[in-house]
Amino acid sequence: VYKLKGKLIAEKAGGASVEVQNDRPVSAKTLKEKTSKAERRALQEAQRAAKAAAKGLNLMSVLLTYGYSVYLVYFTFEQILNNFVPVDHYVFLAEGTKASSAASKVVTSANTKPSKAVKPSSQKNDGSQVAASEKKGGDRAPEKDRKKDAPHPRMQYDDKSRVEKAKKRAVVKQTEARNRVELFRHLPQYEHGTQLPDLETKFFELDPMHPAVYKVGLQYLSGDIRGGNARCIAMFQAFKEAIKDYSTPPEKTLIRDLTARISSYVSFLIECRPLSISMGNAIKFLKNRIAKLPLALSESEAKSTLMLDIDRFINEKIILSEKVIVKHAVTKIRDGDVLLTYGASSVVEMILLHAHELGKHFHVVVVDSRPKLEGQLLLRRLVRKGLSCTYTHVNAVSCIMQDVTRVFLGASSVLSNGTVYSRVGTACVAMVAHAFRVPVLVCCEAYKFHERVQLDSICFNELGNPDAISKVQGREEINYLDGLVNQENLQLLNLIYDATPSDYVSMIITDYG
């Protein structure tokens, strides 16, 4: 029941409506003479109910204007009608003649003398029942709706029940690490070295898995494909091959079945190695394009459309984006600069090589760290092109920073609060540069931006092979930790990423400027 332009209208479930004219209210003096105290109290309660209904309508109109799903709870003074109706427009239901009679009582109580006075105690009970029903039932439907809209929660590996369920569905059989780091128990910690041989033996057993996706998963697991852009391109190319060979099963639709198939591929890749933020954005793009396919398209047309979308994403969001970033970043390099970079970023490498081709004279300092020593690969390529370089490890960055004029860094992602999520050690380099008042320029493609807010490197991260930090590659004589790795009182922590606060970043260069 709601109030509109001086009228009270009650709609029944069948569609019939009852319209009652709401005359001007009787003066307070006349009412006082003709009615008792209990009757006037009943009239006040009815007027309050009418105002509350009008306020509820205003709230619903605002919610619907902003696109919220609204669930209505219908009640009268006599009983609670447990109807939860999701609406796109206003629908008001009444249950039989009781609701309509209750509505007419609310309307006519202003002009006619009630046949029987209503006890205040019964009104209190009705009010408490209404409040209890609103609290009990009114919150359920919005909560259920919010759960549908909310993103799927990340797997918490300290939840034993969820971990056991995930193990049953897993294709890659993982063995949990015995000495898990307590602060990072919510992240997957597995023993490395046994997954790849076990997965290779199952090559012909995985019927629904496309060979191209299987190959990319093996390359992720072995570490042959590294870097956010390289991993994203390899994943999309595998999905393109899978879509090319896809055929819709009988009695199924392409949109739903292909989305489920892509989700199973993604689950397999996550088992091989957790997805980067940029890969998650790319997967959202592909699923969105699948969901928006016109139903009139044939299967071959839909597949060709999706393959074109994948090629367009790779070309525009990755390849062309890098070229635009290079064009912007080169303007920040001047003759005589000493440029410092950390690790191996593909876009930073392109910037340095392009500036060298333009004839600019500068010196490059490559800072590296164990265990991956990716900076050595960058150093090799720069030296071959004729650039003047210096190579050092991250523990000496404070000594060499006093001679540096610019710092160029890559990024795995830039979060909505300005935090730069990148290879572990990036935050250390940025903070040292900030202390020496050296500008820090972060180069990141726009498709790597994410709406997440992250204040530390603990809640969300990736853990690498702990054995990689207990041994030094090529130095067998350094064996101080031999026999201690399996000790219960020793935990080895090999973090992959860290978070750099925006306070230590001078500029972020993207394909938008």
Side-chain angles (χ1 to χ4, degrees), residues 227-229 277-278 321-322 324-355 360 362-369 374-375 378-379 382 387 389-446 448-450 452-457 495-513:
N229 288 342
I277 294 177
S278 57
S321 294
E322 289 181 333
V324 175
I325 291 173
V326 169
K327 182 180 177 181
H328 290 310
V330 163
T331 61
K332 305 299 178 184
I333 299 177
R334 304 185 183 118
D335 288 338
D337 274 345
V338 178
L339 309 177
L340 184 144
T341 185
Y342 174 72
S345 169
S346 59
V347 66
V348 172
E349 179 183 350
M350 294 172 64
I351 292 168
L352 298 176
L353 293 177
H354 186 63
K360 296 189 177 184
F362 55 91
H363 185 78
V364 180
V365 177
V366 178
V367 179
D368 207 358
S369 66
E374 295 173 321
L378 175 63
L379 182 68
L382 294 179
L387 276 76
C389 300
T390 298
Y391 178 77
T392 186
H393 278 203
V394 70
N395 53 347
V397 69
S398 60
C399 300
I400 203 167
M401 188 62 73
Q402 56 189 352
D403 299 325
V404 175
T405 58
R406 300 268 195 291
V407 175
F408 282 90
L409 299 173
S412 176
S413 178
V414 175
L415 308 182
S416 61
N417 62 339
T419 298
V420 176
Y421 188 70
S422 188
R423 176 71 63 194
V424 65
T426 302
C428 174
V429 174
M431 285 189 284
V432 172
H434 181 265
F436 281 86
R437 298 185 179 181
V438 177
V440 176
L441 290 79
V442 174
C443 305
C444 182
E445 296 86 349
K448 293 182 179 180
F449 281 57
H450 199 272
R452 180 192 302 155
V453 173
Q454 191 168 329
L455 303 177
D456 54 51
S457 305
L495 284 177
I496 302 298
Y497 299 104
D498 67 13
T500 305
S502 59
D503 297 339
Y504 304 108
V505 177
S506 307
M507 179 182 293
I508 297 175
I509 305 174
T510 74
D511 36 317
Y512 290 104

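Each residue takes its place number in the sequence, starting with 1. Just so it is clear, the structure is predicted and the values come from calculations on it, not from any experiment.
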(Q) What's the separation between atom OG in S278 and atom OH in Y421, rounded to the nearest 0.5 Å? (A) 11.0 Å
Q: Could you grab the distance from atom SG of C443 to atom CG of D511, nearest 0.5 Å is fine?
A: 11.5 Å
Q) Can you tell me if K360 uses its side chain to pair, donor with acceptor, with the backbone of D337 under 3.5 Å? A) no
Q: Give the intermediate values and the outcome of side-chain contact (heavy atoms from CB on, under 4.5 Å) for residues V338 and I400.
A: CA-CA 10 Å; V338 178; I400 203 167; over 6 Å; no
Q) Can you check whether T405 reaches F362 side chain to side chain, under 4.5 Å on heavy atoms? A) no
Q) For the atom pair NE2 (H450) and OG (S416), what is the distance rounded to the nearest 0.5 Å? A) 9.0 Å
Q. Do other residues, nucleotides or ligands put more than 12 heavy atoms under 6.0 Å from K332 NZ?
A. no
(Q) What I'd like to find out is whether the side chain of D503 reaches to under 4.5 Å of the side chain of H434, using heavy atoms alone. (A) no
Q | Gap separating the CD1 atom of I333 from the NE2 atom of H354, nearest 0.5 angstrom | A | 9.5 Å
Q) Do side-chain atoms of T419 reach the backbone of Q454 as a donor and acceptor pair under 3.5 angstrom? A) yes
Q: Could you tell me which non-hydrogen atom of C389 sits nearest to which non-hydrogen atom of L379, and how far apart they are?
A: CB-CD1, 3.6 Å
Q: Taking side-chain hydrogen bond (donor to acceptor under 3.5 Å, both in side chains) as the test, write out the residues that go with S506, two or more places apart.
A: none
Q) If you measure from CD1 on I496 to OG on S422, what distance do you get to the nearest 0.5 Å? A) 12.0 Å
(Q) Just so I know, are the side chains of R423 and L409 near enough to count as touching, which here means a heavy-atom distance under 4.5 Å? (A) no
Q: Examine distances only and state if a side-chain atom of Y342 and a backbone atom of G410 form a donor-acceptor pair shorter than 3.5 Å.
A: no
**Q.** Non-hydrogen atoms of V432 and S398 that approach each other most closely
**A.** CG1-CA, 3.9 Å
(Q) Do L340 and T390 make a side-chain contact, defined as non-hydrogen atoms from C-beta onward lying under 4.5 Å apart? (A) no
Q: For F436, look at atom CZ and say whether over 12 heavy atoms of other residues, nucleotides or ligands are found less than 6.0 Å away.
A: yes
Q) What pairs with H328 under side-chain contact (heavy atoms from CB on, under 4.5 Å), at least two apart in sequence or on another chain? A) V324, I509
Q: Please lay out, stage by stage, how E322 and N229 fare under the test side-chain contact (heavy atoms from CB on, under 4.5 Å).
A: CA-CA 10 Å; E322 289 181 333; N229 288 342; 2.8 Å; yes
**Q.** Derivation and outcome, side-chain contact (heavy atoms from CB on, under 4.5 Å), residues F449 and T510
**A.** CA-CA 10 Å; F449 281 57; T510 74; 3.5 Å; yes
**Q.** Pairing residues for D498 by the side-chain hydrogen bond (donor to acceptor under 3.5 Å, both in side chains) criterion, not counting sequence neighbours
**A.** none
Q. Any idea which heavy atoms bring T500 and A427 closest together, and the distance?
A. OG1-CA, 3.2 Å
Q: Using a 4.5 Å cut-off on heavy atoms from C-beta on, say whether the side chain of N417 contacts that of L455.
A: yes
Q) Can you list the steps and then say if K448 with I277 is a side-chain contact (heavy atoms from CB on, under 4.5 Å)? A) CA-CA 7 Å; K448 293 182 179 180; I277 294 177; over 6 Å; no
(Q) Just to verify, which of L378, V429, V365, V407 counts as forming a side-chain contact (heavy atoms from CB on, under 4.5 Å) with T341? (A) L378
Q.
Checking the side chain of D368 only, and the main-chain atoms of G375 only, is there a donor and an acceptor separated by less than 3.5 Å?
A. yes
